[in-house]
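Below is one structure; the comments refer to it alone.
Only heavy atoms go into these numbers, but all of them, side chains included; no hydrogens, no water, no symmetry mates.
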Amino acid sequence: MDYSRRELSDRLAAEYVLGTLRGGARRRFESLLPAHPGLRRAVWYWQDRLMPLTASVPPVTPSSAVWQGIEQRLFGEATPTSTSTLATAQQHLTRWWQRLGLWQGLAGATSLATLALAVALTLPGPVQPPVIVVMGTEQGPASFVASVGADGRSLVLKPLAGVAVTTAQALELWAVPPKGAPRSLGLVSNRGATTVLREHLLQGTAAFAVSVEPTGGSPTGAPTGPVVSVGHLEL
């Protein structure tokens, strides 16, 4: 997943600050924070933007009927509503919630829940994972890995093992359809990551391939040299 994308980092940071990013996704996001300054900046931005809004949401005090219903549900018995009964119920509930680590107080929870609902309605849908394609040959280990964004408009190609080329050669990436001629996605590096921006990268693509071409790329618009790496899509 390309966390350098501003849209992606902002979306994840917003869900993290709101608390809607949960479970394994939240733990994975937290593990990425130390190594990704962009993610940390996004988290700070959303904290500064969202936390002051909680002050504008007035706290809501539950009615006595609510307290009585909670007490009955938790402890299995209904008791007449009175000041002492409510105080006892509050003490029970406080100890119970603290043990489970669920709440820090009804007023704060109500404010944050209202804020989370209001902001979540304005956020895009869940983040879709990228499409990962491992590329290599039948005779050797994987030499490249391609990561295509879920929107199908960006591809990051990273070399895993060095593919040797001379000064008169270059490596060219191709999108290979089920039938017909492949289309060029441009020259790529055998030393570092290459980012490719195209519309509809996955549409009509059955595989990605890397071929050895003359400097500047294929002169014919089709692969002319040996294909040194192939990866098939499994969609």
(request) Verify the distance criterion only: is there a donor paired with an acceptor across the side chains of Glu172 and Ser184 at less than 3.5 Å? (result)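 Result is yes, a qualifying pair exists.
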(request) May I ask you to check whether Ser143 and Ser229 show a side-chain donor-acceptor distance below 3.5 Å? (result)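 Yes.
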Closest non-hydrogen atom pair, [X] against [Y]:
| X | Y | result |
| --- | --- | --- |
| Phe208 | Leu201 | CZ-O, 4.3 Å |
| Ser211 | Trp174 | OG-NE1, 2.8 Å |
| Arg198 | Val196 | CG-CG1, 3.8 Å |
| Arg191 | Pro159 | C-CG, 3.8 Å |
| Pro182 | Pro177 | CA-CD, 3.7 Å |
| Gly217 | Leu187 | CA-CD2, 3.6 Å |

(request) Begin with the C-alpha distance, continue with both residues' side-chain angles, and end with the deciding distance and a verdict on side chain to side chain contact (heavy atoms under 4.5 Å, CB included) for Phe29 and Glu15. (result) CA-CA 10 Å; Phe29 183 84; Glu15 293 181 1; over 6 Å; no
Taking C-beta and beyond as the side chain, do [X] and [Y] meet within less than 4.5 Å on heavy atoms?
| X | Y | answer |
| --- | --- | --- |
| Leu39 | Trp44 | no |
| Leu233 | Val131 | yes |
| Glu213 | Thr224 | yes |
| Leu155 | Leu173 | yes |

If I take atom [atom1] from residue [X] and atom [atom2] from residue [Y], how far apart are they, to the nearest 0.5 angstrom?
| X | Y | atom1 | atom2 | answer |
| --- | --- | --- | --- | --- |
| Met135 | Leu160 | CE | CG | 10.0 Å |
| Leu21 | Tyr16 | CG | OH | 9.0 Å |
| Arg22 | Thr20 | CZ | OG1 | 7.5 Å |

(message) Are Val133 and Val176 linked, directly or through intermediate hydrophobic residues, by side-chain heavy-atom contacts shorter than 4.5 Å (ILVMFWY only)?
(response)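 The answer is no; the residues belong to distinct hydrophobic clusters.
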(request) May I have the step-by-step check of side chain to side chain contact (heavy atoms under 4.5 Å, CB included) for Val156 and Val148, ending in yes or no? (result) CA-CA 7 Å; Val156 178; Val148 183; over 6 Å; no
(request) Go through the steps for Val230 and Thr137 under the test side chain to side chain contact (heavy atoms under 4.5 Å, CB included), then give the verdict. (result) CA-CA 6 Å; Val230 177; Thr137 62; over 6 Å; no
(request) Determine, step by step, whether Asn190 and Val165 satisfy the side chain to side chain contact (heavy atoms under 4.5 Å, CB included) criterion, reporting the C-alpha distance in whole Å, the side-chain angles of both residues, the deciding distance to 0.1 Å, and the verdict. (result) CA-CA 8 Å; Asn190 64 340; Val165 293; 4.0 Å; yes
(message) Within the supplied structure, the quantity of interest is the number of heavy atoms (other residues, nucleotides, ligands) at a distance under 6.0 Å from Arg183 CZ; does it exceed 12?
(response)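 Atom CZ in Arg183 is packed in, count exceeds 12.
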